[in-house]
Amino acid sequence: MSNERQFDIDDSKANHEIMSALDDVKLLRNLAYVNGKWVSGEQFRPVLNPANDEIIGYFTQLSQQQISSAIHAADDAFNGWRKLQADQRAELLLTWYQLILDAKQDLARLMVIEQGKTLAEAIGEIEYGASFIRWFAEEARRSYGETIPSHIADAQLSTIREPIGVAGLITPWNFPSAMITRKAAAAMAIGCTVVIKPASETPFSALALAELADRAGIPDGVFNIVTGQADTVSHVLCQSDKVKALSFTGSTPVGKMLLADAASTVKKCSMELGGNAPFIVLPDTDLAQAAQAALDAKFQTSGQDCLAANRIFVPQQHLSQFIDHFATLISKLKVGNGKHSSTNVGPLINHKAVEKAQQLLNDALIKGAVVAAQADLPAAAQANGSYFTPTLLTNITPDMAVYREENFCPLAIVLPYSSLEQVIEMSNDTEYGLAAYVYGHDIHQIWQCLRGLEFGMVSVNSVKMTGHPIPFGGMKQSGLGREGSRHGFDEFSEIKYCCLGALPTVSGS
Ligand code: NAP
């Protein structure tokens with residue numbers, strides 16, 4: 001790690017809003033972080049504030065050769081890092097964890113400006129992201145192997161868990177901090193070094209984590225962030241035989257491409273991909289409570305959440321009452337710049353996302369959907385920024401894209417069902433299988449849902465389901481592997497089996 005460096009964003013490149021939002025302006029970095037140094041490519045790319053379309057700064061684009069150098073640095077650092085005692089790695093990670101919590105307000109304000117989420121959501125993400133660092137630092141001290149009752153005479157059989165090597169981590173913009181720490185903390189705690197490619201919409205949140213890792217004293221080469229053209233960076237990571245594990249969070253189509261690209265080097269791949277979560281309201285539920293929960297599960301992060309309640313299923317006999325409750329709640333939502341404490345729903349990530357939301361809405365309306373309620377869109381939000389008003393649609397049919405696709409925007413859809421068997425079948429009728437919600441009291445019906453739903457995570461009577469101790473991940477085309485919990489180490493480690501036989505005793509000795 002270098003001790004002294006020049007601050008690398010001058011005022012002409014970073015805008016006033018972002019500079020004045022930070023107490024500690026050195027958290028704002030625009031160069032890549034490789035082998036403990038800030039590295040510049042030849043090109044720079046702008047980042048926009050989705051709340052007002054202003055350029056907030058520029059970040060560097062590394063060349064193919066510079067990305068390869070980062071992989072080499074991580075590979076060189078691997079042996080030293082893995083040989084530290086788990087306690088020593090844990091102490092360094094806990095220092096990083098504490099620095100992140102100390103900088104929580106700055107990191108959250110940075111995220112609001114770069115990503116658009118509300119300040120409350122951003123603070124929640126920083127705390128959530130940091131919690132993985134503490135969890136894995138502590139878990140590393142307990143990453144035990146096993147002893148195995150032997151089937152071979154006089155042999156001792158055991159397993160050791162070993163770090164896999166350099167891990168390539170590719171992350172999305174919707175959780176620009178936590179998707180990095182959820183992977184990096186597990187990888188680093190178990191003894192891997194990491195090369196991270198953050199999303200190009202949100203590089204500054206990632207680079208701020210690197211600044212704090214540097215201050216925490218994480219050794220050079222252990223934590224690297226490479227920014228650049230998506231296909232270039234990803235291809236170099238996938239093709240490198242020094243990269244032993246690839247962990248991706250993002251869309252299912254990109255995940256499939258990366259799996260194919262990584263096949264030639266037979267990497268261990270873990271994939272956290274898209275979702276199309278059902279939200280099942282059981283017949284005995286309090287409808288007002290269920291409507292509030294469904295609204296919360298739908299509009300977090302402006303609907304740009306892999307856990308978003310994409311399809312809300314309500315018993316036919318309760319449909320109109322549920323819609324009334326939901327409509328009242330949606331009309332009270334305040335849309336606007338996430339920095340204002342009154343805002344419930346911030347902008348979408350960019351104008352392309354707004355266009356996609358509009359296309360989904362148009363497709364649904366042409367096919368017979370009805371707008372049952374909408375939030376207001378203030379004049380300021382109509383003039384600038386990537387806003388889309390939270391909307392409730394009814395009269396939904398399965399041929400509508402908004403029903404089949406992960407809509408990833410503030411479009412909520414409500415559908416009726418007539419039996420539990422039918423709603424479980426409708427819920428499972430998707431290639432996705434990440435998360436599902438169930439609201440109700442009847443334990444028999446809840447159990448039928450828990451067993452029948454083909455989703456990696458099923459939450460009953462709770463919108464909040466994720467956190468450091470749980471195995472986060474999906475079934476079907478929502479992914480491979482799990483993050484968080486004790487299972488999070490599996491993606492970054494190998495189980496080595498050791499057979500310790502006894503040499504025959506030499507006679508006379
Ligand atoms: P995305 O378009 O798949 O991008 C994710 C990452 O892949 C970014 O770093 C992106 O780089 C890179 N990428 C994009 N196109 C690529 C290509 N052609 N080749 C190589 N790399 C490429 O996803 P997103 O829009 O950022 O995120 C939204 C998706 O992530 C949703 O589907 C959501 O459900 C999913 N998600 C899943 C989880 C989970 O835990 N299961 C959590 C959060 C999000 P650039 O930014 O530089 O283009």
Side-chain angles (χ1 to χ4, degrees), residues 32 43 45-48 50 59-62 67 114-117 125 128-129 132 168-183 195-206 225-239 246-262 270-277 300-310 348-350 352-353 356 405-409 430-435 455-457 465-467 470-485 488 491:
Q43 310 281 325
R45 180 172 162 178
V47 178
L48 301 186
F59 70 104
T60 202
Q61 306 283 289
L62 296 189
I67 299 154
E114 156 172 86
Q115 202 277 345
K117 60 179 68 183
E125 178 177 344
Y128 171 69
F132 290 98
L169 315 179
I170 303 175
T171 57
W173 48 262
N174 65 338
F175 287 88
S177 187
M179 296 303 96
I180 290 176
T181 53
R182 199 167 73 180
K183 297 176 189 303
V195 180
I196 302 162
K197 186 236 167 287
S200 296
E201 308 285 353
T202 54
F204 295 133
S205 291
I225 295 204
V226 289
T227 49
Q229 184 62 36
D231 48 1
T232 308
V233 181
S234 303
H235 186 60
V236 176
L237 288 171
C238 287
Q239 289 289 310
L246 180 77
S247 178
F248 171 72
T249 296
S251 61
T252 297
V254 173
K256 288 179 187 177
M257 282 174 4
L258 297 178
L259 278 172
D261 201 10
S270 50
M271 299 274 141
E272 293 290 345
L273 307 178
N276 187 4
Q300 282 175 22
T301 322
S302 307
Q304 306 168 112
D305 189 332
C306 54
L307 300 181
N310 250 27
L348 300 190
I349 188 66
N350 53 32
K352 210 167 130 202
K356 192 194 159 205
E405 292 179 15
E406 175 186 45
N407 72 48
F408 232 56
C409 67
T430 169
E431 71 264 30
Y432 295 107
L434 187 61
F455 292 81
M457 299 174 285
M465 69 167 90
T466 179
I470 67 105
F472 191 108
M475 296 179 178
K476 296 170 26 181
Q477 293 190 30
S478 284
L480 300 169
R482 295 293 180 268
E483 292 188 344
S485 80
E491 316 306 332

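Computed over heavy atoms, backbone and side chain alike; hydrogens, waters and symmetry mates excluded. One-based numbering, in listed order, for ligands and for the atoms of each.
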Original post:
Taking only heavy atoms of Ala199, which atoms of ligand 1 are found under 4.0 Å from at least one of them?
Top reply: 9 (O), 46 (O)
Subject >> Subset of ligand 1 atoms that lie under 4.0 Å from at least one heavy atom of Thr171 >> reply: 6 (C), 8 (C), 9 (O)
Original post:
Nearest 0.5 Å, what's the NZ-CG distance between Lys117 and Asp305?
Top reply: 7.5 Å
**OP:** Quick one: look up the protein heavy atom nearest atom 18 (N) of ligand 1 and list residue, atom name and how far away it is.
**Re:** Met257 CE, 3.1 Å
Subject >> Closest protein heavy atom to atom 24 (P) of ligand 1, given as residue, atom name and distance to 0.1 Å >> reply: Trp173 NE1, 3.4 Å
Subject >> Donor on one side chain, acceptor on other, Lys183 and Thr171, under 3.5 Å >> reply: no
Subject >> Side chain, backbone, both or neither: the part of Glu406 lying under 4.0 Å from ligand 1 by heavy atom >> reply: side chain
Original post:
Heavy-atom count around Gln43 CD within 6.0 Å, excluding the residue itself: above 12?
Top reply: no
Subject >> From CG (Leu348) to CG (Asn174), nearest 0.5 Å >> reply: 12.0 Å
Subject >> Heavy-atom donor-acceptor pair, Ser270 side chain to Leu480 backbone, under 3.5 Å >> reply: no
Original post:
Is it the side chain, the backbone, both or neither of Gln229 that has a heavy atom closer than 4.0 Å to ligand 1?
Top reply: neither
Original post:
Nearest heavy atom to atom 29 (C) of ligand 1: which of Gly473, Ser478, Gly250 does it belong to?
Top reply: Gly250
Original post:
Quick one: does Arg182 get within less than 4.0 Å of ligand 1, heavy atoms only?
Top reply: yes
**OP:** Could you pull out the closest heavy-atom pair between Arg482 and Gly456, with the gap in Å?
**Re:** NH2-CA, 4.1 Å
Original post:
Out of Phe472, Phe408, Phe175, Tyr432, whose heavy atom is nearest to atom 28 (C) of ligand 1?
Top reply: Phe408
**OP:** Indicate yes or no: at least one non-hydrogen side-chain atom of Leu434 is less than 4.5 angstrom from one of Lys476.
**Re:** no
Original post:
Counting each atom of ligand 1 from 1 as listed, which ones have a heavy atom of Leu434 under 4.0 Å away?
Top reply: 41 (N)
**OP:** Answer yes or no: is there a side-chain heavy-atom contact under 4.5 Å between Glu491 and Ser247?
**Re:** no
Subject >> Test side chain to side chain contact (heavy atoms under 4.5 Å, CB included) applied to Tyr128 and Ser177, step by step >> reply: CA-CA 9 Å; Tyr128 171 69; Ser177 187; over 6 Å; no
**OP:** Identify, for atom 46 (O) of ligand 1, the protein heavy atom at the shortest distance, and state residue, atom and that distance.
**Re:** Ser200 N, 2.8 Å
Original post:
Against heavy atoms of Met179, which atoms of ligand 1 measure under 4.0 Å?
Top reply: 42 (C)
**OP:** For Gln115 and Ser205, test the side chains for any donor-to-acceptor distance below 3.5 angstrom and give the result as yes or no.
**Re:** no
Original post:
Between Thr252 and ligand 1, which part of the residue brings a heavy atom under 4.0 Å of the ligand: side chain, backbone, both or neither?
Top reply: neither
Original post:
Which atoms of ligand 1 sit under 4.0 Å from any heavy atom of Phe248?
Top reply: 3 (O), 5 (C), 6 (C), 7 (O)
**OP:** Please could you name the atoms of ligand 1 that Leu273 approaches to less than 4.0 Å, counting only its heavy atoms?
**Re:** 34 (O), 37 (C), 38 (C), 39 (C), 41 (N)
Original post:
How close do Thr249 and Glu483 get, heavy atom to heavy atom, and via which atoms?
Top reply: OG1-OE2, 4.2 Å
**OP:** Find the distance between NE2 (His235) and CG (Asp261) and round it off to the nearest 0.5 Å.
**Re:** 5.0 Å
Subject >> Ligand-side contact atoms (ligand 1) for residue partner Asn174, heavy atom cut-off under 4.0 Å >> reply: 43 (C), 44 (C)
Subject >> Closest protein heavy atom to atom 48 (O) of ligand 1, given as residue, atom name and distance to 0.1 Å >> reply: Ala230 CB, 3.6 Å
**OP:** Could you list the atoms of ligand 1 found under 4.0 angstrom from a heavy atom of Ser251?
**Re:** 1 (P), 2 (O), 3 (O), 23 (O), 29 (C), 30 (O), 32 (O)
**OP:** Return yes or no for this condition: an N or O of Glu201 is under 3.5 Å from an N or O of ligand 1.
**Re:** no
Original post:
Between atom CE of Met465 and atom CZ of Phe472, what is the distance when rounded to the nearest 0.5 Å?
Top reply: 8.0 Å
Original post:
Any idea which part of Asp305 is under 4.0 Å from ligand 1, heavy-atom wise: side chain, backbone, both or neither?
Top reply: neither
Original post:
Which value, rounded to the nearest 0.5 Å, describes the distance between Leu237 atom CG and Leu258 atom CG?
Top reply: 9.0 Å
Original post:
At what distance, to the nearest 0.5 angstrom, does CD of Glu431 lie from OG1 of Thr252?
Top reply: 7.0 Å
**OP:** Distance to 0.1 Å, residue and atom name: give those for the protein heavy atom nearest to atom 11 (O) of ligand 1.
**Re:** Lys197 NZ, 3.0 Å
Subject >> Heavy atom of the protein closest to atom 27 (O) of ligand 1 (residue, atom name, distance) >> reply: Pro172 CB, 3.4 Å
**OP:** Quick one: look at Ser234 and ligand 1, take heavy-atom pairs under 4.0 Å, and tell me if it's side chain, backbone, both or neither.
**Re:** side chain
**OP:** Answer yes if a protein heavy atom lies under 4.0 Å from atom 4 (O) of ligand 1, otherwise answer no.
**Re:** no
**OP:** Distance to 0.1 Å, residue and atom name: give those for the protein heavy atom nearest to atom 14 (C) of ligand 1.
**Re:** Val254 CG2, 4.0 Å
